[in-house]
Q: 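Sharing a structure below in structure tokens format, with a few things to ask.
Below, chains carry the letters A, B, ... as their sequence lines are ordered, and counting in each starts from 1. The shown structure was predicted, so the numbers you read here are calculated from the model rather than taken from an experiment. Values below: every heavy atom of this structure, side chains too, minus hydrogens, waters and symmetry copies.
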There are 2 protein chains.
Amino acid sequence: MATGRTHRPATRSRGIPEATVARLPLYLRALTALSERSVPTVSSEELAAAAGVNSAKLRKDFSYLGSYGTRGVGYDVEYLVYQISRELGLTQDWPVVIVGIGNLGAALANYGGFSARGFRVAALIDADPAMAGRPVAGMPVQHTDDLEKIISENGVSIGVIATPAGAAQQVSERLIAAGVTSILNFAPTVLSVPDGVDVRKVDLSIELQILAFHEQRKAGEEAAAAGSAPAPSAPSGDGGVADAPGGAGAAPVAAVEPPAGRAAAALRKNGPEGEVPAVMPA
Amino acid sequence: MATGRTHRPATRSRGIPEATVARLPLYLRALTALSERSVPTVSSEELAAAAGVNSAKLRKDFSYLGSYGTRGVGYDVEYLVYQISRELGLTQDWPVVIVGIGNLGAALANYGGFSARGFRVAALIDADPAMAGRPVAGMPVQHTDDLEKIISENGVSIGVIATPAGAAQQVSERLIAAGVTSILNFAPTVLSVPDGVDVRKVDLSIELQILAFHEQRKAGEEAAAAGSAPAPSAPSGDGGVADAPGGAGAAPVAAVEPPAGRAAAALRKNGPEGEVPAVMPA
DNA sequence: TAGTGTGAACTTTTTCACAGCG
DNA sequence: CGCTGTGAAAAAGTTCACACTA
């Protein structure tokens, strides 16, 4: 993302495509599972299935790492685990701090998979003085005042932000000033960070909205297709999704105000073009 | 992902690129913030900055939705909020169930932004009988036995899985059989689902591993560049990241076993090619 | 005049298909 | 023979740059 791709063509031909990097952890997980079952080798086909990708893509991905397979046989599981781990930088362990120990932060702190693979929670940090010293996941929560000290004393370069949205930008600035160069952001905000700092975000509501988009599309197509293709097992008798039966009394009210005023002018421009049913203001 | 792109070219030219769909929630959030500050219009430049993308991309994205801007002026905030909301299917509200009320599930249930934008938590479900009836986020946890009933009675089409990895596949199957067609998966597993079901995954450890990759790369480049480019404010005197000063005594031990046995054979093939320092077995 | 909307160029990612090797 | 490794083609996504218009 902010990995300054333009001004340095990587130390040689060592440029692994970003899309590939993003899949390596997937392969690694699948391989680890195989390793635990003492499976000695896998074919690209099998491994791809386990990782949920297609085999051509997997082979191409691996080809960026080197020729680690054996033609006619497949890949040596242990060896590949090692190579991918190394490529991902998991042969060393990374101290990580979690900032914001609310519901989510605490859940993250308790998450086992954290320490499992090369990461170590070095500290939990929260701005609430009442939290200070209280143990979460067997570790005392420390106060934000000590953030800089904690970062530098532990050589932390990866920070996890689980604060409310309002605090996230400021926290990121302090983390970065203290030496952090990679941030995993759970707060629903866009962080602006200097070049050379990587940010990845995890956002529940964005993911849900993407699903809603596809869900809506499905509902539309289903309706259009009438009774031809079998609907994927519609629940009760009614239209299924578009109209939520009032469980807790929350009727399907429009969650968003229809436009009015100056918006109406813009609206006129396109008019209620096809696809738009109901909800559209009169 | 599993959106069967091959066997139906979408109902016309209504094909909004997936990459664009993934950004719409971002724009929506930025627009909502502007709306709350009663800003009437924004330029692509301003909005793009707020959403953390560049303006050309934003304009292109919007062009897939229609011509909603005004040349020389910009976009009407309210109107755009409405259009994007509609496009994403947020003008109706979507009942959602959360399965797996552990640390994470509870955190999700408590997450405000959930209900804020078109989503309503219809039920919390857990397999642990001890959890049944206990209130979480002001809502009684229900037992997995009633999963199917809950789904169909509430017309739920979106499910969130926050169970341990081992349970996730089975839970997804039950959800799908009961009528769910979109799943947000927090469990660290690949779910295999039938065509027509969308799955999005959120995976902490994958994100961290991707960050570690870039972090490692940075450390490498930094070392290579010697004292030329100024390191992004190195904490204490030493090399910064590659070597974590023993805070809690956890030295940077190799987290992964070096290969051996049959792996060694494969190793010989490539030999200890350049880039690989230390850690490599003798 | 300021800023949208968009063809066209370019980049990245995916897929195909098959030569080549153990 | 079976399966990897990879060029080459196709598709998807991004960026450029400018005509156009409110």
Q: Would you mind telling me which residue lines up with the more 5' stretch of DNA chain C, A:Pro17 or B:Ser43, judged by nearest nucleotide?
A: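 Upstream on the strand: B:Ser43.
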
Q: Would one find a side-chain N or O of A:Ser44 under 4.0 angstrom from OP1 or OP2 of D:dC3?
A: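 No, no such contact exists.
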
Q: Check nucleotides 15-19 of chain C against the protein and report each pair of N or O atoms closer than 3.5 Å, with its distance, or say if there are none.
A:
unit_1 : atom_1 : unit_2  : atom_2 : d
C:dT15 : OP2    : A:Asn54 : ND2    : 2.8

Q: Provide, to the nearest angstrom, the distance between the CD1 atom belonging to B:Ile16 and the P atom belonging to D:dT14.
A: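 Going from CD1 in B:Ile16 over to P in D:dT14 covers 14 Å.
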
Q: In whole angstrom, what separates B:Leu65's CG from C:dG5's C1'?
A: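 B:Leu65 atom CG is separated from C:dG5 atom C1' by 13 Å.
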
Q: Counting only heavy atoms and a strict 4.0 angstrom limit, can you tell me which residues of residues 19-26 of chain B come near DNA chain C?
A: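 Those residues: none at all.
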
Q: Using salt bridge (Lys or Arg N to Asp or Glu O under 4.0 Å) as the criterion, list what pairs up with A:Lys218, not counting sequence neighbours.
A: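 By the salt bridge (Lys or Arg N to Asp or Glu O under 4.0 Å) rule, A:Lys218 matches A:Glu215, B:Asp198.
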
Q: A:Ala48: which residues meet the side-chain contact (heavy atoms from CB on, under 4.5 Å) condition with it, sequence neighbours left out?
A: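 By the side-chain contact (heavy atoms from CB on, under 4.5 Å) rule, A:Ala48 matches A:Val53, A:Ser55, A:Leu58.
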
Q: Quick check on the helix from C:dT1-D:dA22 to C:dG22-D:dC1: what's the angle between its two end axes, five base pairs per end, to the nearest 10°?
A: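 That helix has its two terminal axes inclined by roughly 20°.
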
Q: Please confirm whether B:Tyr68 and B:Tyr75 have ring centers closer than 6.0 angstrom.
A: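 No, the ring of B:Tyr68 stays outside the 6.0 Å limit from the ring of B:Tyr75, centre to centre.
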
Q: Going by side-chain contact (heavy atoms from CB on, under 4.5 Å), name the residues that satisfy it together with A:Thr189, two or more places apart in sequence or in a different chain.
A: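 In terms of side-chain contact (heavy atoms from CB on, under 4.5 Å), with neighbours along the sequence ignored, A:Thr189 is linked to A:Ala165, A:Ala168, A:Ala187.
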
Q: Answer yes or no: does a side-chain N or O of B:Tyr64 lie under 4.0 Å from OP1 or OP2 of D:dG13?
A: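 The answer is no; no side-chain N or O of B:Tyr64 sits under 4.0 Å from OP1 or OP2.
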
Q: Does B:Ala212 have any side-chain contact (heavy atoms from CB on, under 4.5 Å) partners at least two apart in sequence or in another chain, and if so, which?
A: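 B:Ala212 satisfies side-chain contact (heavy atoms from CB on, under 4.5 Å) with A:Leu90, A:Trp94, A:Phe119 once adjacent residues are dropped.
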
Q: Just to verify, what does A:Glu207 make a salt bridge (Lys or Arg N to Asp or Glu O under 4.0 Å) with, not counting sequence neighbours?
A: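 A:Glu207: salt bridge (Lys or Arg N to Asp or Glu O under 4.0 Å) contacts with B:Arg200.
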
Q: Under 4.0 Å: is that the gap between some side-chain N or O of A:Tyr75 and OP1 or OP2 of D:dG5?
A: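 Yes, such a contact exists.
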
Q: With side-chain contact (heavy atoms from CB on, under 4.5 Å) as the criterion, how do B:Ile161 and B:Leu184 come out once you've worked through the C-alpha distance, each side chain's angles and the decisive distance to 0.1 Å?
A: CA-CA 6 Å; B:Ile161 297 181; B:Leu184 181 49; over 6 Å; no

Q: With a 3.5 Å cut-off and no angle check, do the side chains of B:Ser44 and B:Arg59 form a donor-acceptor pair?
A: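 Distance-only check passes for B:Ser44 and B:Arg59.
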
Q: Tell me every residue that passes side-chain contact (heavy atoms from CB on, under 4.5 Å) with B:Thr20, counting only those two or more places apart in sequence or in another chain.
A: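 Residues passing side-chain contact (heavy atoms from CB on, under 4.5 Å) with B:Thr20: B:Ile16, B:Pro17, B:Arg23, B:Leu24, B:Asp61, B:Tyr64.
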
Q: Checking B:Phe186 now: which residues fulfil ring pair (Phe, Tyr, Trp, His ring centres under 6.0 Å) with it, not counting sequence neighbours?
A: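 By the ring pair (Phe, Tyr, Trp, His ring centres under 6.0 Å) rule, B:Phe186 matches no residue at all.
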
Q: Whole angstroms only, please: what is the CD-P distance between B:Glu45 and C:dG5?
A: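 It works out to 14 Å between those atoms.
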
Q: Scan for ring-ring contact (aromatic ring centres under 6.0 Å, His included) pairs involving residues 21-51 of chain A, sequence neighbours excluded, and state none if there are none.
A: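 Those involving residues 21-51 of chain A are A:Tyr27-A:Phe62.
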
Q: Rounded to whole angstrom units, what separation is found between the CG atom of B:Asp76 and the P atom of C:dG3?
A: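 Atom-to-atom, B:Asp76 to C:dG3, this comes out as 16 Å.
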
Q: Using atom CG of B:Leu58 as one end and atom P of D:dT14 as the other, report the distance to the nearest whole Å.
A: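 Distance check: B:Leu58 CG to D:dT14 P gives 12 Å.
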
Q: Can you tell me if B:Thr70 touches the phosphate of D:dA22, counting only side-chain N or O atoms and a distance under 4.0 Å to OP1 or OP2?
A: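 No, no such contact exists.
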
Q: For DNA chain D, whose closest nucleotide is more 5', that of A:Val73 or that of A:Asp61?
A: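 It is A:Val73 whose nearest nucleotide is closer to the 5' end.
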
Q: Quick one: list whatever passes side-chain hydrogen bond (donor to acceptor under 3.5 Å, both in side chains) with A:Ser35, sequence neighbours left out.
A: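 Per chain and number, A:Ser35 pairs via side-chain hydrogen bond (donor to acceptor under 3.5 Å, both in side chains) with A:Glu78.
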
Q: Roughly, in whole Å, what's the span from CG in A:Leu80 to C1' in D:dT4?
A: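 One finds 13 Å between C1' of D:dT4 and CG of A:Leu80, rounded.
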
